[in-house]
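For reference, the structure is listed below as C-alpha cells.
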Amino acid sequence: MKILVVLVICLIQISVAYQYHGYRVYEAVAKNTAQAQALSDLEMSELFDFWSPVRLNKPTDIMSSPEQIQQLLDVFNRNSIQHKIKIDDVQQLIDAQKNNMDNEIVKQSPSLRYNLTWDNYYRYDDIREFAYALGASYPELVTVSVAGKSYEDRDLILIKISSGGSGTKNAIFVDGGIHACEWISPATVTYIIRELVENYAAHPQYVDDVDWFFMPLVNPDGYEFAHTDNRLWRKNRRILDETNTTCIGTDINRNFDYHFDEGGSSDNSCAPTYNGGQPFTEPESRALRDAILAEANRTKSYLTVHSYGQHWLTPWGWTTELPADYDAMYALASDAVAALTAVYGTVYDIGSSANLLYANSGPSDDWAKGVAGIPYTYTIELRDQGPVYGFLLPPDQIIPSGIETWEAFKVIAEAVALME
C-alpha cells in the first residue's frame with residue numbers, strides 16, 4: 001500500500017507572536033501499512049504539525065500542543081505505534097538556541113566588510129550586506145542585482161559569480177530560504193558563495209569553468225517573521241484577505257506552474273501547504289521564475305536548498321513516475337552525495353520526491369526541469385535527520401553543513417563544466 005502524505009510542515013498557522021511552551025515533539029515509527037495509514041490520517045486532520053513525512057519503518061516527527069498531547073498518545077496506543085519523546089518542550093529549545101546566538105554575536109569580531117560568520121544564524125539585512133560587500137570587494141567575480149521585491153518590499157538579492165566568458169559558459173543556479181523556518185538553508189548557501197569568492201585562488205576552476213547564480217534568501221519576509229515572531233513559520237507573508245489576517249501566506253514551493261495543484265498541496269488558505277489558488281501568485285515565486293528563465297538556455301543544474309532530513313531529491317513530486325533521464329540524474333547525485341558523506345559520514349538518501357518522501361505539486365524543482373528545461377535539477381534537504389533538532393538545528397552545525405555541502409557542489413560543478 002502506497003502512503004501519500006501532504007507535507008512536512010514547519011508552522012503553526014497563526015500571525016501573531018507565538019510561543020511553544022509545553023509543545024512536545026514525538027518520534028513515531030510505523031511498522032506496517034495500517035500504522036502508516038493511521039499516521040497519514042492524523043496528518044490529514046491538520047490537528048498536529050508533522051515535521052517529517054510518514055514512511056514505513058522510518059521515524060516521523062510530530063509536534064503537539066500541550067492540550068492535544070493525550071489525543072496524540074491515544075492514537076499511538078490505539079494503533080500500537082512505537083513512539084518516544086524527542087523534544088520535551090519546544091520553546092525551551094528555541095529560547096536556549098536564541099540565548100546562545102545572542103551571546104555569540106556579542107563575542108564575535110566580524111569581518112570589516114560584513115557581519116556573517118557562519119557560526120550563527122543571521123538576519124536578512126546581514127545577508128543583503130554580505131552580498132553587496134562581496135560585490136564591492138570582488139567586482140571581477142561578483143555581480144549583485146535585485147531579482148524583484150518581496151510582498152513586504154524587501155529586495156530579492158541575485159548574485160552572479162563569474163570570472164568572465166560573456167555568458168558562454170555552462171551555469172548552475174542555486175537558491176535557499178524558500179521556507180522561512182529552514183534557517184540552515186540560507187546559512188549554507190551563503191557559505192558556498194563565500195567559498196567560491198573569497199577562496200577563489202585555492203580552486204579557480206570552479207568559477208573559471210562555470211558561471212553561478214544564487215538567490216540565497218527567496219522568502220525574506222517569512223524568514224524575518226521566523227526570527228521575530230514565530231520560529232516555525234513556513235510560508236511567505238502575503239495577506240490573502242484583508243478581512244482575515246489569521247490565514248496569511250502561501251507556500252512558495254507549491255506555487256510554480258508545472259502540474260500545479262495535482263496533489264501534495266492545499267487549496268485551503270489556512271493550510272501550511274496553501275498553493276496560492278493559482279500559479280505564480282506570489283512575487284517571490286515570480287522573481288525566482290524570471291531569474292531562472294533569464295539563464296535557462298545555459299543552466300545545466302538547478303539546486304534548491306531546504307531542510308531537514310538529509311535527502312538528495314530529484315523530480316518528480318507530482319507523480320511517482322520518473323523522468324526519462326532519471327538514471328543520469330541519479331548517477332550524478334550519487335557522486336555528489338558520496339563526496340559529501342566522505343567529509344563527516346553524513347548519510348543522505350537519494351531518489352525522486354514522490355517516491356522517497358511524499359507527493360507535492362507545484363515545487364520549483366519540478367518546474368525548473370519540466371518548464372525551464374534544466375536537466376540536473378535537485379532539491380537538497382540538509383541536516384539533520386531529526387534525531388534531536390529537526391528544524392531547530394543549532395548554529396554550531398552551520399560550518400560542518402557548509403563544508404560537506406561544498407564538496408557535493410564541487411562534484412556538480414565539475415560535471416556541469418563538461419556538459420554540452
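The analysis underlying the following values was restricted to heavy atoms, covering all of them including side chains, and did not include hydrogens, waters or symmetry mates.
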Please find the pair of heavy atoms, one from [X] and one from [Y], that lie closest to each other, and give the distance.
{"X": "S352", "Y": "P315", "result": "CB-O, 3.6 Å"}
{"X": "W316", "Y": "E321", "result": "CD1-O, 3.2 Å"}
{"X": "P375", "Y": "D325", "result": "O-OD2, 4.0 Å"}
{"X": "Y274", "Y": "G249", "result": "CD2-O, 3.6 Å"}
{"X": "V29", "Y": "Q35", "result": "O-OE1, 4.0 Å"}
{"X": "L158", "Y": "A291", "result": "CD2-CB, 4.3 Å"}

Q.
Tell me which one of N253, D251, N236 satisfies side-chain hydrogen bond (donor to acceptor under 3.5 Å, both in side chains) with H179.
A.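 Only one of N253, D251, N236 forms a side-chain hydrogen bond (donor to acceptor under 3.5 Å, both in side chains) with H179, namely D251.
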
Q | Candidates R231, H21, Q19 - the one meeting side-chain hydrogen bond (donor to acceptor under 3.5 Å, both in side chains) with Q91 | A |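 Of the listed options, the one satisfying the test is Q19.
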
Q: List the steps and the verdict of salt bridge (Lys or Arg N to Asp or Glu O under 4.0 Å) for D257 and R289.
A: CA-CA 10 Å; D257 194 9; R289 172 199 64 191; over 6 Å; no

State the [atom1]-[atom2] distance between [X] and [Y], to the nearest 0.5 angstrom.
{"X": "E420", "Y": "N170", "atom1": "CD", "atom2": "CG", "answer": "9.5 Å"}
{"X": "N275", "Y": "E282", "atom1": "CG", "atom2": "CD", "answer": "9.5 Å"}
{"X": "Y206", "Y": "I161", "atom1": "OH", "atom2": "CD1", "answer": "14.5 Å"}

Any donor-acceptor N/O pair, [X] side chain to [Y] backbone, under 3.5 Å:
{"X": "E182", "Y": "S307", "result": "yes"}
{"X": "S361", "Y": "F260", "result": "no"}
{"X": "N360", "Y": "Y358", "result": "yes"}
{"X": "S353", "Y": "L313", "result": "no"}
{"X": "S185", "Y": "G177", "result": "yes"}
{"X": "K169", "Y": "W212", "result": "no"}
{"X": "N219", "Y": "K235", "result": "yes"}
{"X": "D89", "Y": "Q92", "result": "yes"}
{"X": "S45", "Y": "L42", "result": "yes"}
{"X": "N79", "Y": "A34", "result": "no"}

(Q) By the definition ring pair (Phe, Tyr, Trp, His ring centres under 6.0 Å), identify the one residue from Y308, W233, W183 that meets it with F391. (A)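 In the set Y308, W233, W183, the residue that makes a ring pair (Phe, Tyr, Trp, His ring centres under 6.0 Å) with F391 is Y308.
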
Any [X] side-chain heavy atom under 4.5 Å of [Y] side chain:
{"X": "T228", "Y": "R123", "value": "yes"}
{"X": "N268", "Y": "E46", "value": "yes"}
{"X": "L356", "Y": "R55", "value": "yes"}
{"X": "E152", "Y": "E224", "value": "no"}
{"X": "F225", "Y": "I248", "value": "no"}
{"X": "I85", "Y": "Y26", "value": "yes"}
{"X": "Y114", "Y": "Y122", "value": "no"}
{"X": "D327", "Y": "Y330", "value": "no"}

Q. Between Y378 and Y302, is the ring centre distance below 6.0 Å?
A.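 Y378 vs Y302: aromatic centres not under 6.0 Å.
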
Q. Between W118 and F130, does the ring centroid distance fall short of 6.0 Å?
A.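 Centroid distance W118-F130: below 6.0 Å, so yes.
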
(Q) Is it the case that over 12 heavy atoms from other parts of the model lie below 6.0 angstrom from the CD atom of Q205? (A)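 It does: Q205 CD has more than 12 such atoms within range.
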
Q) How are the rings of Y23 and Y20 set to each other: parallel, tilted or perpendicular (split at 30° and 60°)? A)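 Because their plane-to-plane angle is over 60°, the rings of Y23 and Y20 count as perpendicular.
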
Q: Please state whether the rings of W318 and Y258 are parallel, tilted or perpendicular, taking 30° and 60° as the class boundaries.
A: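 It falls in the perpendicular class, over 60°.
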
Q | Worked verdict on D365 versus T377 for side-chain hydrogen bond (donor to acceptor under 3.5 Å, both in side chains) | A | CA-CA 6 Å; D365 61 344; T377 298; over 6 Å; no

(Q) Whether the N255 and T250 side chains hold a donor-acceptor pair (N or O, under 3.5 Å, no angle test) is what I'd like checked. (A)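 N255 vs T250: no donor-acceptor pair found between side chains.
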
**Q.** Worked check of salt bridge (Lys or Arg N to Asp or Glu O under 4.0 Å) between D155 and K149
**A.** CA-CA 5 Å; D155 290 345; K149 293 282 191 176; 2.4 Å; yes

Quick one: side chains of residues 399-413, donor-acceptor pairs under 3.5 Å with protein atoms, not counting sequence neighbours, listed by atom name and distance.
residue : atom : partner : partner atom : Å
S401    : OG   : T188    : OG1          : 3.0
E404    : OE1  : T346    : OG1          : 2.7
E404    : OE1  : R383    : NH2          : 3.2
E404    : OE2  : R383    : NE           : 2.8
T405    : OG1  : S401    : O            : 2.6
E407    : OE1  : K410    : NZ           : 3.2
E407    : OE2  : K410    : NZ           : 3.4

**Q.** Stepwise side-chain hydrogen bond (donor to acceptor under 3.5 Å, both in side chains) check, Y124 with D221
**A.** CA-CA 9 Å; Y124 163 78; D221 301 347; over 6 Å; no

Q: Run the numbers on Y376 and T314 for side chain to side chain contact (heavy atoms under 4.5 Å, CB included), then give the verdict.
A: CA-CA 8 Å; Y376 291 89; T314 77; over 6 Å; no

Q: Show the numbers, then the answer: is there a side chain to side chain contact (heavy atoms under 4.5 Å, CB included) between K31 and N57?
A: CA-CA 5 Å; K31 296 291 189 179; N57 298 309; 3.5 Å; yes

**Q.** Worked check of side-chain hydrogen bond (donor to acceptor under 3.5 Å, both in side chains) between D175 and T304
**A.** CA-CA 5 Å; D175 69 48; T304 179; 2.6 Å; yes

